[in-house]
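Please read the structure below before turning to the comments.
FYI, the numbering just counts along the sequence from 1. Ligands are counted one by one from 1 in listed order, and the atoms in each one are counted from 1 as well.
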Amino acid sequence: MAEGLSVYIETYGCQMNEYDTDLVKSILVESGQRLSESEHDARVILLNTCAIRENAHSKIYARLQQLKALKAKSSHQITVGILGCMAQNLRNDLLDTHDEIDFIAGPDTYRELPGLIARSRETSDKGLALRLSRSETYSGVDPIRSGGVNAWVAVMRGCDNMCSFCVVPYTRGRERSRDRKGILAEVESLAEVGFKQVTLLGQNVNSYEFGPFGFAQLVRVVADVPGIERVRFTSPHPKDFPEPLLDVIAGHPNVCNHIHLPLQAGNNRVLELMKRTYTIESFRELVERIRGTIPGVAISTDIIVGFPTETDAEFEDTFREMEEIRFDFAFIFKYSERKGTYAARKLSDDVPPEKKTERIVHLIELQKRITGEINQQYVGETVEVLVEETPKKDPGALSGRTETFKNTVFPKENFTIGDLVDVSIERSRGSALFGRAVGYATQGERKVRAG
Ligand code: SAH
Ligand code: SF4
Ligand code: F3S
């Protein structure tokens, strides 16, 4: 195949796509390609795309327009490949309507990329790799990460839940879990090269299952890897949250006290239509159990407004539930119809756009207030922060997250990225906390285990 091409990759969508981009980099470098930081000196441009809502698609269409122009004026051959969920979802439609695309490859076909690139440079045929696999977990591929404090680690791929609004089961196929030995080896090597935090990823992480080994056990062994100061995971599904996981979080100081638990809607008729398979009552019971077992836990969520047939009264139920549950933060989305899903086939997208806007504005306002009130309670407390970066607006400061995922900013002094620092919180503004470092964090139990 053609050797030594410079490849530039752009990533859209969720953390799973970020992780996949690092897998793709590894596969390409292994096959002799070079990675490029800029589209301007690249011979191959790859977009790793998302399909979750229509605006994810729109971004890519706009980007393709620019790439079309870039290709037209370039003196050398540029190959454009579309990877990820939109490739899988739109298939031939994308190739038929966009000349500038040379090939498309879905999330389970990345091992074929070197061949796809070579073929599309040698022939004018459009390449297509869209097979979904029941077993591909990219075992043996060592992701090339760009560094930092946190590393994403996919522990499972695909989703079997078939929530009626969601395209993911169609773009990423059936659920499959990675061999725990491979995961552990990856985490150990991450600790060795200096990563402080790992975030275990899956569309539904708590359905992780490798032989008799479930998600709670996986989190426990990952937390015991020396040098890993923090373990996070996302996202668990409320329908089957494993009880032992709560004990693992409560019992391990380095498993963060933060759970992202997508509610989606606060009304049982809507939840049923969404095929979420839990009720608002069982969700609230789970929240109580989580709060009862893990002191100081933060719970965040995802909400969709304007799901087909959602009435004003049903939306009010969601509003009231959010007011009562008091999530630490929430990602709130307007329903976006996805082709091929149950909701698209059986229900009409009948909530008018103005109504969706009105509902989302209300919920965002409510959540801002609640987030502000919860964060205000941190003032006067000392919290442990894992330093992640220098804020763009303030080079004299450092910022990082509390265990509960609050962004925290404090004067740099002698601290540096990667440190675990105790910060005394002086004020809160918006979703951020501001304070002053009082020293390195002394997590006694953790130091003993790691030392
Ligand atoms: N697997 C994760 C969700 C991944 S998608 C989970 O179940 O927790 C992230 C969020 O996008 C979802 O929780 C949902 O709130 C939102 N989402 C998914 N499909 C959507 C659609 N068609 N329209 C609007 N929001 C959607
Ligand atoms: Fe989509 Fe539901 Fe699977 Fe999450 S659990 S990825 S919302 S189908
Ligand atoms: Fe992620 Fe978007 Fe695919 S959210 S799983 S990249 S549809």
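The atoms of ligand 2 that sit less than 4.0 Å from any heavy atom of R276 are 2 (Fe), 7 (S). Interface of Q203 with ligand 3, defined as ligand atoms under 4.0 Å from a residue heavy atom, comprises 5 (S).
Within a radius of less than 2.8 Å around atom 3 (Fe) of ligand 3, the protein N, O or S atoms are C85 SG.
A 4.5 Å side-chain heavy-atom check between L67 and K71 finds every atom pair outside the cut-off. Side-chain contact between I299 and V287: present, with at least one pair of heavy atoms (C-beta onward) separated by less than 4.5 Å. Taking 4.5 Å as the limit, some side-chain heavy atom of R326 sits within range of a side-chain heavy atom of E373.
Listed by chain and residue number, F315, F319, E358 satisfy the side-chain contact (heavy atoms from CB on, under 4.5 Å) test with H362 (two or more places apart in sequence, or in another chain).
Salt-bridge annotation for E310 and K355: absent, with no side-chain N of the basic residue lying under 4.0 Å from a carboxylate O of the acidic one. A salt bridge links E314 to R269: at least one charged side-chain nitrogen sits closer than 4.0 Å to a carboxylate oxygen. Ion pairing between a basic and an acidic side chain is recognised when a charged N comes within 4.0 Å of a carboxylate O; E39 and R63 show such pairing. Salt bridge annotation for D99-K68: absent, with no cationic side-chain nitrogen under 4.0 angstrom from a carboxylate oxygen. Ion pairing between R172 and D108 fails under the 4.0 Å rule for side-chain N and carboxylate O. In summary, E54 and R338 engage in a salt bridge, as defined by a charged side-chain N under 4.0 Å from a carboxylate O. Look at R145 and E186 and you find a salt bridge, because one of the NZ, NE, NH1 or NH2 atoms lies within 4.0 Å of a carboxylate O, short of that distance. The existence of a salt bridge linking E323 and R369 is confirmed by a sub-4.0 Å separation between a basic side-chain nitrogen and an acidic carboxylate oxygen.
Here 1 is the count of protein N, O or S atoms positioned under 2.8 Å from atom 3 (Fe) of ligand 2, waters not counted.
Centroid-to-centroid, the aromatic rings of F213 and F215 stay 6.0 Å apart or farther.
Using 4.0 Å as the threshold, R172 has no heavy atom nearer than that to any atom of ligand 2.
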Using a cut-off of under 3.5 Å, which N/O atoms of ligand 1 pair up with protein N/O atoms, and what distance separates each pair?
from     : atom 1 : to   : atom 2 : distance (Å)
ligand 1 : 1 (N)  : Q203 : O      : 2.7
ligand 1 : 1 (N)  : Q203 : OE1    : 2.9
ligand 1 : 11 (O) : R53  : NH1    : 3.0
ligand 1 : 13 (O) : Q264 : NE2    : 2.8
ligand 1 : 13 (O) : D302 : OD2    : 2.6
ligand 1 : 15 (O) : Q264 : OE1    : 2.7
ligand 1 : 17 (N) : R53  : NH1    : 3.4
ligand 1 : 22 (N) : F165 : O      : 3.0
ligand 1 : 22 (N) : S336 : O      : 2.8
ligand 1 : 23 (N) : S336 : N      : 3.0
ligand 1 : 25 (N) : R53  : NH1    : 3.3

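Between N161 and the options K239, R276, Q203, E175, a side-chain hydrogen bond (donor to acceptor under 3.5 Å, both in side chains) holds for only K239.
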